[in-house]
Q: 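Just dropping this structure here.
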Amino acid sequence: NAGVTQTPKFQVLKTGQSMTLQCAQDMNHEYMSWYRQDPGMGLRLIHYSVGAGITDQGEVPNGYNVSRSTTEDFPLRLLSAAPSQTSVYFCASSLDRGPNTEAFFGQGTRLTVV
Amino acid sequence: AQKITQTQPGMFVQEKEAVTLDCTYDTSDPSYGLFWYKQPSSGEMIFLIYQGSYDQQNATEGRYSLNFQKARKSANLVISASQLGDSAMYFCAMRERIPDYKLSFGAGTTVTVRA
């Protein structure tokens, strides 16, 4: 079982470029999320999905798009990269919705926008 | 408003001693779950322990225990017999029923274990 796989692990972008961070899980989890981690701010939710075809905004969605065409994949798109989007990005998946559902995390993507 | 508050940015603890990491939360939902995650310097997020809002007893997992005080909305993590490998960032997190059981995180506490 690979769990949650994120690619790439590192990325440097120029301001204004676009890119897609990939996230795939092989656990048949319904619930997937994208977070960004910045120093002193913990993990902040960008977008999430409770199932294929359903996505919703989190706490910091501006500048990011997501789609969920399959249960396995949940890509995060940066439309026009800005230096403020320099961060570590984590994808997470959970079996379903519930108060006790553990989140499994990918290894993270360290993104630098110059 | 901040859902999860971790007031200790950093802590030092002597090897083999216990350490308590503070976490308070804010919710009006009767159904919620509380989680602690560990993030070592390598960056991965490791699940440690879970406490449900309806659980009567404090959760324990090996050297980790959760001191759950529901009325005070407090969910402190206790690490007993600290080891050098416990040096890491620790995050408290909560899932609330509304909306969609999103998982919210605190800012984290960095623990450094001294030999």
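What you see below is based on every heavy atom in this structure, not just the backbone, and it leaves out hydrogens, waters and symmetry mates. We name chains A, B, ... by the order of the sequence lines, and we start the count at 1 in each one.
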Q: Picking from F105(A), F90(A), F104(A), what satisfies ring pair (Phe, Tyr, Trp, His ring centres under 6.0 Å) with Y37(B)?
A: F105(A)
Q: Centroid-to-centroid, Y101(B) to Y32(B), below 6.0 Å?
A: no
Q: Give, as side chain, backbone, both or neither, the part of Q51(B) having an atom under 4.5 angstrom from any heavy atom of chain A.
A: neither
Q: We want to know whether R95(B) and S94(A) form a side-chain donor-acceptor pair, criterion being a heavy-atom distance below 3.5 angstrom.
A: yes
Q: Counting only heavy atoms from other residues, nucleotides and ligands, does the tally under 6.0 Å from CZ of R44(A) exceed 12?
A: yes
Q: Can you check whether anything in residues 45-56 of chain A gets within less than 4.5 Å of chain B, heavy-atom wise, and list it by number?
A: L45(A), Y48(A), V50(A), D56(A)
Q: Using distance alone, with no hydrogens and no angle criterion, decide if S87(A) and R110(A) have a side-chain donor and acceptor under 3.5 Å apart.
A: no
Q: Assess, by modelled atom type and distance only, whether the side chains of E15(B) and S82(B) contain a donor and an acceptor separated by less than 3.5 Å.
A: no
Q: With sequence neighbours left out, write down each residue that passes side-chain hydrogen bond (donor to acceptor under 3.5 Å, both in side chains) with R36(A), or none if nothing qualifies.
A: D38(A), Y64(A)
Q: Among Q107(A), E59(A), E102(A), which residue forms the greatest number of heavy-atom pairs with chain B at distances under 4.5 Å?
A: E102(A)
Q: Please determine, among Q6(B), E96(B), Q39(B), M89(B), the option with the most heavy-atom pairs under 4.5 Å with chain A.
A: Q39(B)
